[in-house]
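Every chain is numbered from 1, with letters handed out A, B, ... down the list of sequences. All figures in this text were calculated on a predicted structure; none of them were measured in a lab.
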There are 4 protein chains.
Amino acid sequence: MAAIEGIFVPNIVPYDAQGRIAEDELRRIIRWLVSQGVTGFYPNGSMGEFIRLSYEERKRVLKIVVEEAAGKPILAGAAEPNVDLVLEMCRYCADLGCRAVSITGPYYYKLSQESIEQYFREIAAKSPIDIMVYNIPVFANEISIPVLKRLALDCPRIIGTKDTSKDMCRFQMTLHEIKRQRPDFSVLIGWEELLCSALFMGADGGTLSSAGVVPEVVMKIYNEARKGNWAEAKRVQYMLIDLFALMVGAPNFPEGFRAGYELRGFKAGHARFPLSAGEQEVIETMRGRLACLLTDAGFAEAAGECRRAPAAATGAPNRVDVENLVREVMSQMLALQK
Amino acid sequence: MAAIEGIFVPNIVPYDAQGRIAEDELRRIIRWLVSQGVTGFYPNGSMGEFIRLSYEERKRVLKIVVEEAAGKPILAGAAEPNVDLVLEMCRYCADLGCRAVSITGPYYYKLSQESIEQYFREIAAKSPIDIMVYNIPVFANEISIPVLKRLALDCPRIIGTKDTSKDMCRFQMTLHEIKRQRPDFSVLIGWEELLCSALFMGADGGTLSSAGVVPEVVMKIYNEARKGNWAEAKRVQYMLIDLFALMVGAPNFPEGFRAGYELRGFKAGHARFPLSAGEQEVIETMRGRLACLLTDAGFAEAAGECRRAPAAATGAPNRVDVENLVREVMSQMLALQK
Amino acid sequence: MAAIEGIFVPNIVPYDAQGRIAEDELRRIIRWLVSQGVTGFYPNGSMGEFIRLSYEERKRVLKIVVEEAAGKPILAGAAEPNVDLVLEMCRYCADLGCRAVSITGPYYYKLSQESIEQYFREIAAKSPIDIMVYNIPVFANEISIPVLKRLALDCPRIIGTKDTSKDMCRFQMTLHEIKRQRPDFSVLIGWEELLCSALFMGADGGTLSSAGVVPEVVMKIYNEARKGNWAEAKRVQYMLIDLFALMVGAPNFPEGFRAGYELRGFKAGHARFPLSAGEQEVIETMRGRLACLLTDAGFAEAAGECRRAPAAATGAPNRVDVENLVREVMSQMLALQK
Amino acid sequence: MAAIEGIFVPNIVPYDAQGRIAEDELRRIIRWLVSQGVTGFYPNGSMGEFIRLSYEERKRVLKIVVEEAAGKPILAGAAEPNVDLVLEMCRYCADLGCRAVSITGPYYYKLSQESIEQYFREIAAKSPIDIMVYNIPVFANEISIPVLKRLALDCPRIIGTKDTSKDMCRFQMTLHEIKRQRPDFSVLIGWEELLCSALFMGADGGTLSSAGVVPEVVMKIYNEARKGNWAEAKRVQYMLIDLFALMVGAPNFPEGFRAGYELRGFKAGHARFPLSAGEQEVIETMRGRLACLLTDAGFAEAAGECRRAPAAATGAPNRVDVENLVREVMSQMLALQK
């Protein structure tokens with residue numbers, strides 16, 4: 001069987017005014033992304049705030065994505081809090097016809113590599129659907145290369161990995177230590193900045209949050225790379241780096257990406273996690289700058305919102321900015337004293 | 001109103017052979033702890049594996065603990081994945097008559113201090129029950145002292161903190177910066193090794209996992225400290241350090257504590273998280289050593305299981321040990337190369 | 001032989017307008033500290049910027065301190081960059097009549113615990129003078145408790161430790177695992193915030209930078225603790241925490257402490273490491289606040305410089321403050337994107 | 001002026017039986033590397049143990065390298081402990097005709113980005129020779145991208161950077177944020193695993209420790225990349241990854257590289273930092289494996305020392321191995337308890 005390849009979108013979940021999933025808008029987003037030529041979808045990932053949804057909501061999101069994906073392959077997040085619930089979600093995904101599930105390392109508790117290996121082995125032994133191992137050490141326990149290698153070589157159900165570690169050395173080791181021995185093992189990059197380098201070294205593709213906001217940009221890099229047009233791929237890669245920097249740098253992830261969807265014409269709604277007044281202001285400023293970048297990149301729908309001058313560059317800084325900055329720095333000074 | 005004070009037990013959840021909550025055994029544990037004179041309980045904390053239970057299971061655990069607690073005060077874990085679910089759990093706890101809920105910083109996503117402050121403010125504004133802020137930075141976002149101070153001074157519902165940071169400097173700052181200005185703010189230590197030092201500097205008490213295994217030892221330290229018998233409190237503190245070291249150092253937290261409950265005569269069951277064969281062996285060895293410590297401490301029920309000689313000290317190391325060690329060290333060597 | 005005990009001052013090195021060691025002022029500082037009743041001195045520690053001095057300058061500082069110390073015991077920093085140079089410095093210290101040398105873990109390279117143990121064993125085998133092991137993990141390789149224990153039990157020349165890890169759990173383990181077995185092993189605390197707690201749990205004393213600025217405060221805590229007047233010791237401890245927080249939180253360590261010496265009437269000179277204009281401003285502000293704390297603590301010589309209102313609290317923030325804050329926060333945003 | 005480009009070797013310093021610099025062997029190493037076609041040299045870097053040499057020894061090493069380099073450009077390490085000594089070393093390097101000096105962020109103390117910027121500005125204002133900013137965050141304070149950008153755009157003397165952060169995202173940002181605006185700014189990669197990716201994205205070259213051991217391999221990657229033969233460059237890159245993994249993973253850096261020089265026919269001598277008996281054994285084992293890799297790579301001189309079977313794979317592990325492993329794991333267990 002061939003390795004899974006291409007660009008998979010970890011979609012955002014839009015909410016309505018009451019904080020419920022805005023199902024129609026979610027459908028509209030998925031249909032738009034299909035029309036943009038993305039390879040497939042990755043619902044219930046970190047971008048989809050899986051951890052802030054209830055179990056039933058996660059199933060609902062998944063069902064909607066499958067219904068609108070026009071047959072494109074789905075890698076479905078299934079990082080439930082214990083093995084039984086993971087397996088129940090695996091069965092649900094299999095029944096819906098997903099291509100595979102994606103499972104992060106366990107989160108909250110810090111576990112040994114041996115525990116983590118045993119966790120994936122137990123799931124792999126019983127899952128009715130193929131599994132991608134999702135490494136995202138900033139949020140969940142890292143899965144080491146030796147563990148991933150043993151899983152890849154021993155467990156037929158484990159058919160690939162998504163790597164969001166931002167660590168190019170690790171990514172290359174995954175190719176070198178694992179894919180070289182098992183060519184059908186899919187190695188996907190999960191960090192925008194490394195897309196071009198990863199494809200150059202042999203990645204099968206990526207699952208990238210930005211692909212939900214600027215599918216044109218991400219698909220351009222992927223398609224040019226596949227054609228061997230590396231100069232063009234690299235040129236567009238740096239455009240993606242700038243867009244990504246603004247969205248990932250905004251406070252209260254994934255709020256920066258939510259702003260991006262809004263600028264592309266979708267009603268993403270208010271966050272499920274509260275935003276302070278100061279943070280809302282920061283996101284507004286960031287949104288104005290993002291609109292300019294999008295406009296520069298040729299996406300005209302955002303032109304009207306472009307605000308080039310950052311607050312810091314104008315004469316008088318506003319009061320809230322300064323207060324927030326002072327608070328932040330004071331808290332750092334205090335932290336230093338610990 | 002007086003600050004909450006005393007020793008609260010974050011109980012374990014025992015499971016039956018099918019992995020379901022062993023309700024009768026849970027009741028027996030709580031009744032035994034009541035008979036040992038603990039101040040109160042802290043169900044659905046990290047020790048209680050709240051994150052591996054379903055929402056309904058968490059409610060069930062809570063109900064059982066309340067029923068068996070003989071009127072002792074309950075601080076109930078309510079760290080649900082979004083604000084609406086937290087508030088729903090708060091209402092449930094209020095209806096059951098709990099003294100307060102305890103809420104960790106948000107987990108999984110890394111959030112700014114400003115986001116975390118807003119999260120607690122929103123909950124505090126709507127909760128029908130008092131709130132303890134539970135700081136456990138090894139598992140969840142840290143709540144900084146400046147944020148905790150503003151919350152304590154602004155929000156009447158926030159009436160205390162449990163600190164599991166292992167950071168004595170931070171603990172003292174909590175007393176100095178917050179409790180000095182709001183004497184009814186309860187400051188509880190959540191790390192066994194610091195119990196005696198924390199009480200000496202002014203802590204109101206503690207919530208300590210070991211208090212579920214050796215309530216006699218923990219209550220002795222607390223009671224002697226309250227009477228000003230510091231020499232005796234310090235002597236017993238070091239006994240607690242040794243017991244705690246074995247239980248917290250075992251693989252796959254909270255399995256070390258589960259072994260402790262077993263040695264005290266309870267059927268704690270198999271873990272909800274899988275254990276490798278190598279880990280089971282390590283826990284068996286640790287259990288033998290723990291039994292000796294318990295026997296030395298005067299708890300005779302464990303005497304028959306005491307195994308003093310660690311595997312490493314005997315002539316021939318066993319094969320599994322060596323393989324595991326080699327695997328571990330090799331993985332470290334590889335990690336160094338990253 | 002009895003364990004070394006008391007309060008040892010890691011003195012600052014004052015510079016003249018040309019950046020040379022201001023020898024007369026250094027002599028004046030040592031004489032003043034002798035008159036204040038400190039137990040002894042610790043030249044060429046982190047506070048004394050040993051790493052920014054030349055080898056010959058370190059010898060010169062040491063000679064001056066010995067000459068002015070009026071026979072009080074000297075623990076001399078001897079963390080030279082290789083074993084031969086360490087031993088040469090040990091011989092020099094022995095010839096001068098120092099009580100012991102103090103040696104940090106190796107710095108710059110990250111070394112295994114086994115390498116670090118071998119390093120200390122080799123020095124201990126050849127040193128003509130007793131050795132304190134100085135654990136300061138924020139700057140140099142940490143020395144683990146098992147390594148320190150083996151060194152303490154195997155090497156007669158290694159007679160104590162100074163711990164600047166800010167880790168009370170570690171400090172207690174040092175007492176529990178090592179001092180219990182070797183009572184003449186001296187365990188000194190090297191972090192101001194923990195002085196009182198450490199003495200309560202059994203520390204032999206401390207080496208504390210603040211003791212050079214406010215010897216009255218530090219000696220008061222030590223002396224009251226030795227007399228068993230814990231309530232008074234704890235009261236003064238919190239005064240020390242506030243003073244220390246300002247000095248250690250200032251940019252470009254040890255500049256905050258240098259400001260403290262200036263406020264006590266010494267000419268500490270300009271730093272050997274450059275300060276930006278923004279940092280100089282921050283230190284000026286901090287100095288005004290420190291002067292108030294010192295005045296409140298009864299040290300009248302600083303009263304004229306007391307400036308209570310921090311810049312941030314007044315109406316208009318100044319331009320430089322804002323620019324620096326903005327720069328800092330922007331750099332953090334970018335760092336988040338990495 | 002064109003950016004500095006190519007492969008610069010951070011040479012090792014060989015010692016004689018008395019621990020002195022083995023000058024003849026150093027000369028022989030440099031002449032051999034010249035004959036292998038390396039671009040230039042980087043004496044007194046981390047590989048050259050600059051921190052374990054005396055000031056006079058560093059000057060001596062530099063003089064020897066210049067004398068033997070046959071006119072090839074020298075980037076000379078000049079990370080002395082204070083600004084005056086840095087500038088004195090800069091003048092020395094200028095007099096010797098070096099191309100530039102390379103300066104790490106300050107080490108030991110943790111400094112703010114503002115302090116670090118001021119440090120480089122002061123040096124840049126007075127240096128008589130061009131400066132490379134050497135970012136090696138594992139050993140010294142990191143220099144942030146915003147600071148590096150301001151330095152690059154404001155200071156004519158600062159003409160490039162060497163990046164040993166292992167962070168490909170940062171490396172790309174250096175190209176994107178700085179080199180795009182100042183094309184003559186030289187951006188060199190300092191981490192073997194990233195050589196090929198970095199060249200692909202636009203690096204000017206690298207300074208790589210392995211280039212002293214296998215100049216043929218490193219120059220092959222560089223030369224093929226420069227010709228656009230990326231498939232071949234990538235193939236050889238993975239060979240370099242394996243060689244590098246063994247050398248960098250050995251205990252007590254840079255001992256693994258010293259073993260590599262020995263296998264290529266040089267007498268590198270004993271380390272200046274002590275090695276335990278256990279570490280010597282580990283290095284011996286690693287040396288046997290490295291000899292095999294070198295033989296496989298076509299470097300026949302090491303064939304006689306090739307030992308393929310790692311100790312762990314044979315029947316009985318030896319006693320010392322097991323003891324060391326047990327000690328390591330026990331120390332980890334204890335560390336977990338902190």
With distance as the sole test, does [X] use its side chain to make a donor-acceptor pair with the main-chain N or O of [Y] at under 3.5 Å?
{"X": "C:D163", "Y": "C:F171", "value": "no"}
{"X": "C:D242", "Y": "C:L293", "value": "no"}
{"X": "B:S186", "Y": "B:I4", "value": "yes"}

So among B:Y42, B:Y134, B:F8, which one has a side chain to side chain contact (heavy atoms under 4.5 Å, CB included) with B:L188?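 That would be B:F8.
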
Residues of residues 196-219 of chain C with any heavy atom under 4.5 Å of a heavy atom in chain B: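 Expected list: C:C196, C:S197, C:F200, C:M201.
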
Apply side-chain contact (heavy atoms from CB on, under 4.5 Å) to residues C:K166 and C:E192 and explain how you reach the verdict. CA-CA 9 Å; C:K166 320 182 201 178; C:E192 272 78 346; over 6 Å; no

Contact leader toward chain C among B:K110, B:M168, B:R180, B:Q172, where contacts are heavy-atom pairs under 4.5 Å: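 Among B:K110, B:M168, B:R180, B:Q172, the one with the most close pairs to chain C is B:Q172.
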
B:D154 and B:K149 ion-paired at < 4.0 Å: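 Looking at B:K149 together with B:D154, the answer is no, because their closest N to O distance does not fall below 4.0 Å.
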
